[in-house]
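First up is the structure itself, then whatever we jot down about it.
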Number of protein chains: 2
Amino acid sequence: MGLTKTDMFTDQQNDIALIAKVFGHPARVAILQHLFKTNACVCGDLVTEIGLAQPTISQHLKELKNLGLIKGNVEGTSVCYCIDTDNWAKMKNIMFQFLDQDITKGTCC
Amino acid sequence: MGLTKTDMFTDQQNDIALIAKVFGHPARVAILQHLFKTNACVCGDLVTEIGLAQPTISQHLKELKNLGLIKGNVEGTSVCYCIDTDNWAKMKNIMFQFLDQDITKGTCC
DNA sequence: TTGTTTCATTGCAATATTACGATTAATATC
DNA sequence: GATATTAATCGTAATATTGCAATGAAACAA
């Protein structure tokens with residue numbers, strides 16, 4: 001096993017889970033925060049900034065790219081990364097909708 | 001390896017990752033949505049509602065409980081689950097702060 | 001007490017994730 | 001061309017996650 005049974009859930013539930021899974025590692029959180037902090041394209045200094053090996057960072061960047069949260073521009077031998085603001089906004093809407101549920105306190109809890 | 005190097009990141013980054021990881025499975029998303037939808041305590045019908053085996057649901061519930069997002073009240077032979085609204089609000093603040101970052105579009109992207 | 005119901009726990013198999021050394025690909029510089 | 005730099009990819013080891021059958025534990029019902 002070890003295989004998530006995605007077919008038992010709605011697309012919305014699977015989307016939320018996929019987004020959340022990408023945020024489920026501190027290195028990817030740190031990468032995103034750094035990209036936001038610098039407020040511009042970051043050219044390759046993520047390896048020294050985060051402190052993991054270059055292939056590891058590259059792998060995390062790939063997952064962020066797969067979800068569309070970041071973009072990479074090739075500039076000579078290096079690559080500049082930045083937040084994909086449009087997709088970030090879309091993702092934010094999905095997550096806000098999920099997180100911002102409110103509930104009137106039940107009777108037994 | 002397969003072991004996340006949590007010591008390389010801030011507590012905040014690790015907190016965000018831990019919260020997100022719990023949301024990173026559609027079954028847990030579905031459980032939480034069901035608890036919100038019924039707007040009350042749910043006594044044991046989660047197994048039939050979600051469609052996974054009872055031990056699997058129990059395991060997912062445990063993770064949600066560990067993070068403090070849900071509470072379980074024993075009522076006879078069954079257990080009633082509901083959202084822990086206080087902790088949900090705290091979690092929501094942490095995630096909103098992370099997700100709600102804005103950025104003025106960079107120069108190269 | 002004997003069964004029944006409900007849920008947690010244990011144990012295990014299959015798959016996924018994380019991390020990194022080694023290598024490759026692409027571009028720049030000499 | 002030869003070399004250096006940067007980042008992606010490959011391969012692999014270690015650990016984590018997912019899912020469920022089997023079993024346990026606790027409360028109820030007869």
Side-chain angles (χ1 to χ4, degrees), chain A residues 1-9 13-14 17-31 34-35 41-67 70-82 108-109, chain B residues 1-9 13-14 17-31 34-35 41-67 70-82 108-109:
Chain A
M1 290 94 194
L3 171 61
T4 299
K5 295 191 166 179
T6 53
D7 53 312
M8 315 189 69
F9 306 101
Q13 287 162 346
N14 283 314
L18 282 178
I19 294 168
K21 194 183 268 187
V22 166
F23 293 144
H25 193 290
R28 293 190 286 268
V29 172
I31 288 171
H34 186 65
L35 292 182
C41 291
V42 171
C43 291
D45 60 346
L46 282 167
V47 172
T48 51
E49 183 71 24
I50 307 291
L52 293 171
Q54 180 267 322
T56 308
I57 297 293
S58 191
Q59 199 171 311
H60 286 305
L61 287 168
K62 192 179 180 182
E63 292 181 61
L64 292 169
K65 263 187 286 188
N66 283 345
L67 205 66
I70 65 172
K71 289 186 289 191
N73 279 43
V74 178
E75 300 218 345
T77 53
S78 66
V79 180
C80 289
Y81 295 102
C82 60
C108 79
C109 299
Chain B
M1 290 98 192
L3 172 60
T4 299
K5 296 191 166 179
T6 53
D7 53 313
M8 314 190 68
F9 306 101
Q13 287 162 343
N14 283 315
L18 282 178
I19 293 168
K21 194 183 268 186
V22 166
F23 294 144
H25 194 289
R28 293 190 286 267
V29 171
I31 289 171
H34 186 64
L35 292 182
C41 292
V42 171
C43 291
D45 60 345
L46 283 167
V47 172
T48 52
E49 182 71 25
I50 308 291
L52 295 171
Q54 179 267 322
T56 308
I57 298 294
S58 192
Q59 197 173 312
H60 286 307
L61 287 169
K62 192 178 178 181
E63 292 182 61
L64 292 169
K65 264 186 286 186
N66 284 344
L67 205 66
I70 65 172
K71 288 186 289 190
N73 279 42
V74 179
E75 301 217 344
T77 54
S78 66
V79 180
C80 289
Y81 294 101
C82 60
C108 78
C109 298

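On a predicted model such as this, the values are computed, not experimentally measured, just so you know. Labels below follow one simple rule: chain letters A, B, ... track the order of the sequence lines, proteins then strands, and each chain is numbered from 1.
Between A/Lys21 and D/dT17 there is no side-chain polar atom (N or O) within less than 4.0 angstrom of OP1 or OP2. Not one side-chain nitrogen or oxygen of B/His60 sits closer than 4.0 Å to the OP1 or OP2 atom of D/dT17.
Using bins of under 30°, 30° to 60° and over 60° for the plane-to-plane angle, the ring pair B/His25/A/Phe9 lands in the perpendicular bin.
What separates CG of A/Leu64 from P of C/dT18 is a distance of 11 Å, to the nearest Å. Spacing between atom CZ of A/Arg28 and atom C1' of C/dA19 amounts to 12 Å, rounded to whole angstrom units. As rounded to whole Å, 13 Å separates atom P of D/dT6 from atom OH of A/Tyr81. As rounded to whole Å, 16 Å separates atom C1' of D/dT17 from atom CG of B/Leu67. Rounded to whole angstrom, the span from the NE2 atom of A/His25 across to the P atom of D/dT15 amounts to 15 Å. In this structure, CD of A/Glu63 is placed 6 Å from P of C/dT18, rounded to the nearest angstrom. Nucleotide C/dC7 holds its P atom 12 Å from the CD1 atom of B/Ile70, rounded to whole Å. B/Ile57 places its CD1 atom 15 Å from the P atom of C/dT9, with the value rounded to the nearest Å.
Looking at the side chain of B/Pro55, the nearest of the listed nucleotides C/dT10, C/dT6, D/dA7 is C/dT10. Distance from the side chain of B/Gln59 is smallest for D/dT18 among the nucleotides C/dA19, D/dT18, C/dT6. In the set D/dC28, C/dA19, D/dA7, the nucleotide with an atom closest to the side chain of A/Val79 is D/dA7. Which of D/dG19, D/dT15, D/dA7 sits closest to the side chain of A/Thr4 comes down to D/dG19. Each of D/dC20, C/dA28, D/dA8 was ranked by its minimum atom distance to the side chain of A/Leu61; first place goes to D/dA8. Closest approach to the A/Ser78 side chain among D/dT6, C/dA16, C/dT5 is made by D/dT6 (side chain taken as heavy atoms from C-beta onward). Listed nucleotides: C/dA19, D/dA16, C/dC7. Nearest to the side chain of B/Lys5: C/dA19.
Among the protein residues, A/Ser58 comes within range of the nucleic acid bases, having at least one heavy atom under 4.0 Å from a base atom. Contacts of B/Thr56 with the nucleic acid, taken as non-hydrogen atoms under 4.0 Å apart, include base atoms.
In terms of position on DNA chain C, the residue among A/Gly51 and A/Gly76 whose nearest nucleotide sits closer to the 5' end is A/Gly51. Comparing A/Gln54 and B/Lys62 along DNA chain C, the residue whose closest nucleotide (by nearest heavy atom) sits nearer the 5' end is B/Lys62.
Partner of A/Leu46 under the side chain to side chain contact (heavy atoms under 4.5 Å, CB included) criterion, out of A/Leu52, A/Ile31, A/Val79: A/Ile31 alone.
Summarising the local packing, NZ of A/Lys65 is surrounded by more than 12 heavy atoms from other residues, nucleotides or ligands at distances under 6.0 Å.
Nearest heavy atoms, B/Arg28 versus B/Lys21: NH2-O, 3.4 Å. Annotation for A/Ile50 and A/Ala30: closest pair CD1-CB, 3.7 Å, computed over non-hydrogen atoms.
The main-chain N or O of B/Cys80 is never found under 3.5 Å from a side-chain atom of B/Asn73 such that the two would form a donor-acceptor pair.
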